[in-house]
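For clarity, every value in this text was computed on a predicted model and none was experimentally measured. Order of appearance sets the numbers: ligands from 1, and atoms from 1 within every ligand. Below, each value reflects all heavy atoms present in this structure, side chains not excepted, and no hydrogens, waters or symmetry copies.
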Amino acid sequence: MLQWLAFLSVLVVSLVVHAVTEPRIVAMGDLHGDLNNTLTIMRFAGLIDQDNRWSGGDTIFVQTGDVVDRGVDTIALYELLQRLRDEAKEQGGQVVSVLGNHEIMNMVGDWRYVHPDDIASFGGKQARIKAFSKEGWIGSDLMEWNLTAKVGSSVFCHGGILPKYSHDGIDGINRRAKESLETYINEREDTYGLFGGDGPTWYRGFAVGDERICAVLDKALMMLEADRMVMGHTVQRDGRIRARCGGKAILIDIGISHVYGGHPGALEIQGDQIHAVYEHGKEKLVASRIHEEL
Ligand SMILES: *[C@@H]1O[C@H](CO)[C@@H](O)[C@H](O)[C@H]1NC(C)=O
Ligand SMILES: *[C@@H]1O[C@H](CO)[C@@H](O)[C@H](O)[C@H]1NC(C)=O
């Protein structure tokens, strides 16, 4: 009897410890102006209820940028993320946002991918410029977003982080981005090269490179003290979350927006349990072999 009680208490304690140390992380890639599909995914991934209120408890939700452009639901999506951030906090959860290249493009006034109806939804060009300025309700929020985030043992970013940006870790990248973003917006001067083609918001190498890229990723992950990198930015046209480099690179831009076919899905990480969550249910994520996939 006593032995059984001892056994049970060990079991309960280890379950509790497990729950404490292994938070549930749900990550979504590029939303590109599609509120409806975003809400659909958030619902089946257990983040929100039927009234679109946070129901994820202590889940950590990570969105890897490119909320804006191509689609037209810019206002509703940024409002949603800001509201859920507060609601999640009340339940012990968290909403983590990292900047995509399209957030930064909108801040610097590069509106190549802005839909005319999106401009109209703000009440015109001037109003939209103001909203994305660093004093505006979207811009002031984006100025607080990081370029990258480490949650548990996973690094999240929009494009990908090369070793040359990794020497002083996640905090170093975020600090330099904070230091230089305003200058970049005002003068297009990219002090640390963080906002350019091979910077964390634009780089595609880990998504499209051949096997040799995995050694580069390994080096970056070692410097960032992380087990894997989770990235958006490069659309997986089949609508399926892909793992490469033995699962160290996870690609979560699956074309959620109807503009890219409207493929609903999210990534779920809990400890070493990694799943893709689709409308029909969860699937264990299995890394593909790069030489077979290309
Ligand atoms: C909303 O999204 C769901 C699936 O994500 C789709 O079946 C439905 O047709 C969409 N509704 C609208 C109004 O686009
Ligand atoms: C940005 O990242 C730093 C660490 O790199 C962290 O201290 C800070 O809380 C983050 N800010 C937000 C808004 O997540």
Visitor: Heavy atoms, side chains only, cut-off 4.5 Å: are Met231 and Ile250 in contact?
Guide: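 The answer is no; the side chains never approach within 4.5 Å.
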Visitor: Kindly determine whether Leu194 and Tyr184 satisfy side-chain contact (heavy atoms from CB on, under 4.5 Å), including the steps that lead there.
Guide: CA-CA 10 Å; Leu194 280 170; Tyr184 184 65; over 6 Å; no
Visitor: Nearest protein heavy atom to atom 2 (O) of ligand 2: under 4.0 Å?
Guide: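 True for atom 2 (O) of ligand 2.
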Visitor: Heavy-atom contacts with Glu144 under 4.0 Å: which atoms of ligand 2 show up? List them by number with element.
Guide: 13 (C)
Visitor: I'd like to check Lys125 versus Trp111 (side-chain heavy atoms, cut-off strictly below 4.5 Å). Are they in contact?
Guide: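 Lys125 reaches Trp111 side chain to side chain.
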Visitor: Any nitrogen or oxygen of Asp171, side chain or backbone, less than 3.5 Å from one on ligand 2?
Guide: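 Between Asp171 and ligand 2 (N or O atoms, distance only) the closest approach is under 3.5 Å.
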Visitor: Give me the residue, atom name and distance of the protein heavy atom closest to atom 11 (N) of ligand 2.
Guide: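 I find the closest protein heavy atom is Asn146 ND2, 2.9 Å.
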Visitor: Side chains of Asp49 and Arg43: does their closest heavy-atom pair fall under 4.5 Å?
Guide: no
Visitor: If we set the cut-off at 4.0 Å for heavy atoms, which region of Asn174 has an atom near ligand 2: side chain, backbone, both, or neither?
Guide: side chain
Visitor: Going by ring-ring contact (aromatic ring centres under 6.0 Å, His included), name the residues that satisfy it together with Phe156, two or more places apart in sequence or in a different chain.
Guide: none
